[in-house]
Amino acid sequence: QVQLVESGGGLVHAGGSLRLSCAASGRTFNNYAMAWFRQAPGKERDVVATISRQSSATYYADSVKGRFTISRDNAKNTVYLQMNSLKPEDTAVYYCAASTRYSILVRGMDYWGKGTLVTVSL
C-alpha cells in the first residue's frame, strides 16, 4: 500500500501561483511513477502532469503547458506541482496519484490521495 497526502491548495487570484505537495508513505517511493490529476465540479477527472520514477520523463496537459511544473524528490518521498499564471479555469480539486507503470490515464493509477482544493478567483 502507498498512502498519499496532498497539501498546498487554497484560494489565489488569477495570475498568482501555488505549489502543491504530495507526501507518500508506505512502499518505496521511487518504485512509482507519479501524477497530478484534477477534477472540476461536474466534470471528469483529467490528467494535469505526470513524472517517471527518476524524473527522466514528464507529461503535461496542453492546458497547463508552460505554466505548471511537476517535480519529485525521491529522498523526501514527495512530488510537487508548481502552478504559475493561474486562471479561473484551473479551479478544481487536485489529486496526487501513483502508478507502478508510467501512465497518463486515470485507470492507470494504482493509488490516489484524497485531493486538495485549488480555487482561482478573478
Side-chain angles (χ1 to χ4, degrees):
Q1 288 285 341
V2 175
Q3 292 77 43
L4 302 172
V5 179
E6 302 95 337
S7 62
L11 174 64
V12 64
H13 289 298
S17 299
L18 283 175
R19 187 175 83 153
L20 304 183
S21 299
C22 173
S25 61
R27 297 191 176 180
T28 306
F29 180 67
N30 60 10
N31 283 346
Y32 296 90
M34 299 298 296
W36 287 96
F37 289 78
R38 67 186 181 186
Q39 188 166 19
K43 295 188 177 181
E44 294 184 349
R45 190 172 298 189
D46 291 325
V47 67
V48 175
T50 65
I51 188 166
S52 60
R53 293 178 183 84
Q54 299 300 325
S55 304
S56 57
T58 57
Y59 168 87
Y60 295 93
D62 287 344
S63 59
V64 306
K65 280 182 182 176
R67 300 188 297 123
F68 291 11
T69 303
I70 189 171
S71 62
R72 64 189 294 164
D73 186 336
N74 288 346
K76 294 183 178 180
N77 291 355
T78 303
V79 62
Y80 305 96
L81 185 68
Q82 178 67 44
M83 306 186 294
N84 299 328
S85 302
L86 282 160
K87 304 175 181 180
E89 51 264 44
D90 294 318
T91 294
V93 176
Y94 283 71
Y95 297 91
C96 174
S99 61
T100 53
R101 300 181 67 178
Y102 187 73
S103 175
I104 66 170
L105 303 175
V106 170
R107 64 176 182 266
M109 300 297 118
D110 298 297
Y111 301 100
W112 292 89
K114 294 184 177 180
T116 185
L117 177 63
V118 172
T119 304
V120 184
S121 64
L122 288 170

Do the side chains of [X] and [Y] join up, straight or via other hydrophobic residues, at under 4.5 Å, putting them in one cluster?
| X | Y | result |
| --- | --- | --- |
| Tyr111 | Val48 | yes |
| Val93 | Val106 | yes |
| Val47 | Leu20 | no |
| Met109 | Ile104 | yes |

Donor-acceptor under 3.5 Å (Arg45 side chain, Tyr95 main chain):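 Absent.
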Is it the case that the side chain of Arg53 and the backbone of Tyr102 share a donor-acceptor pair, with hydrogens and angles ignored and the cut-off at 3.5 Å?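 Here the side-chain-to-backbone pair does not exist.
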Considering only distance and modelled atom types, tabulate donor-acceptor pairs under 3.5 Å from the side chains of residues 113-122, sequence neighbours left out.
| from | atom 1 | to | atom 2 | distance (Å) |
| --- | --- | --- | --- | --- |
| Thr116 | OG1 | Gly9 | N | 3.2 |
| Ser121 | OG | His13 | ND1 | 3.0 |

Shortest non-hydrogen contact from [X] toward [Y]:
| X | Y | answer |
| --- | --- | --- |
| Ser85 | Ser17 | N-OG, 4.3 Å |
| Thr50 | Ala35 | CG2-CB, 3.6 Å |
| Ala40 | Ala92 | N-CB, 3.8 Å |
| Arg72 | Ser55 | CG-OG, 3.2 Å |
| Leu105 | Ser103 | N-OG, 3.0 Å |
| Val2 | Ala24 | CG1-CB, 4.4 Å |

Does the pair Arg38 and Leu81 meet the rule for a side-chain contact (heavy atoms from CB on, under 4.5 Å), with working shown? CA-CA 12 Å; Arg38 67 186 181 186; Leu81 185 68; over 6 Å; no
Residues that Gln54 engages under side chain to side chain contact (heavy atoms under 4.5 Å, CB included), provided they are two or more places apart: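 Only Asn30, Asn74 meet the side chain to side chain contact (heavy atoms under 4.5 Å, CB included) criterion with Gln54.
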With sequence neighbours left out, write down each residue that passes side chain to side chain contact (heavy atoms under 4.5 Å, CB included) with Ser7, or none if nothing qualifies.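 Expected list: Ser21.
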I'd like to check the ring-ring contact (aromatic ring centres under 6.0 Å, His included) partners of Phe37; sequence neighbours left out, ordered by chain and number.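 Per chain and number, Phe37 pairs via ring-ring contact (aromatic ring centres under 6.0 Å, His included) with Trp112.
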Report the distance from atom [atom1] of [X] to atom [atom2] of [Y], rounding to the nearest 0.5 Å.
| X | Y | atom1 | atom2 | value |
| --- | --- | --- | --- | --- |
| Ser99 | Met34 | OG | CE | 8.0 Å |
| Ser25 | Leu4 | OG | CG | 7.5 Å |
| Glu44 | Gln39 | CD | CD | 8.5 Å |

Tracing side-chain links under 4.5 Å among I, L, V, M, F, W and Y, which residues wind up in one group with Val5?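 Direct or chained contacts put Val5 with none.
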If a pair satisfies disulfide (SG to SG under 2.5 Å) and one of its residues is in residues 65-122, list it, with sequence neighbours excluded.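 Pairs touching residues 65-122 that pass the test: Cys22-Cys96.
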Applying disulfide (SG to SG under 2.5 Å), which residue pairs with at least one partner in residues 29-68 are found, sequence neighbours left out?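 For residues 29-68, and leaving out neighbouring residues, there are no disulfide (SG to SG under 2.5 Å) pairs at all.
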Pairs involving residues 57-91, ordered by first then second residue, that meet ring-ring contact (aromatic ring centres under 6.0 Å, His included) (sequence neighbours left out):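 Qualifying pairs, neighbours excluded: none.
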Just wondering, are more than 12 heavy atoms of other shown residues or ligands nearer than 6.0 Å to CD in Glu89?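 Yes, enclosed.
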Considering residues at least two apart in sequence or located in another chain, which fulfil the salt bridge (charged side-chain N to carboxylate O under 4.0 Å, His left out) criterion with Arg67?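 By the salt bridge (charged side-chain N to carboxylate O under 4.0 Å, His left out) rule, Arg67 matches Asp90.
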Results of salt bridge (charged side-chain N to carboxylate O under 4.0 Å, His left out) for Lys65 - residues two or more places apart only: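 Counting only residues at least two positions away or on another chain, Lys65 forms a salt bridge (charged side-chain N to carboxylate O under 4.0 Å, His left out) with Asp62.
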Would you list the pairs meeting salt bridge (Lys or Arg N to Asp or Glu O under 4.0 Å) in which at least one residue belongs to residues 104-113, sequence neighbours left out?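 Found none.
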Can you name the residues that form a side-chain hydrogen bond (donor to acceptor under 3.5 Å, both in side chains) with Tyr32, not counting sequence neighbours?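 Testing Tyr32 for side-chain hydrogen bond (donor to acceptor under 3.5 Å, both in side chains), a comparison that skips the adjacent residues, returns none.
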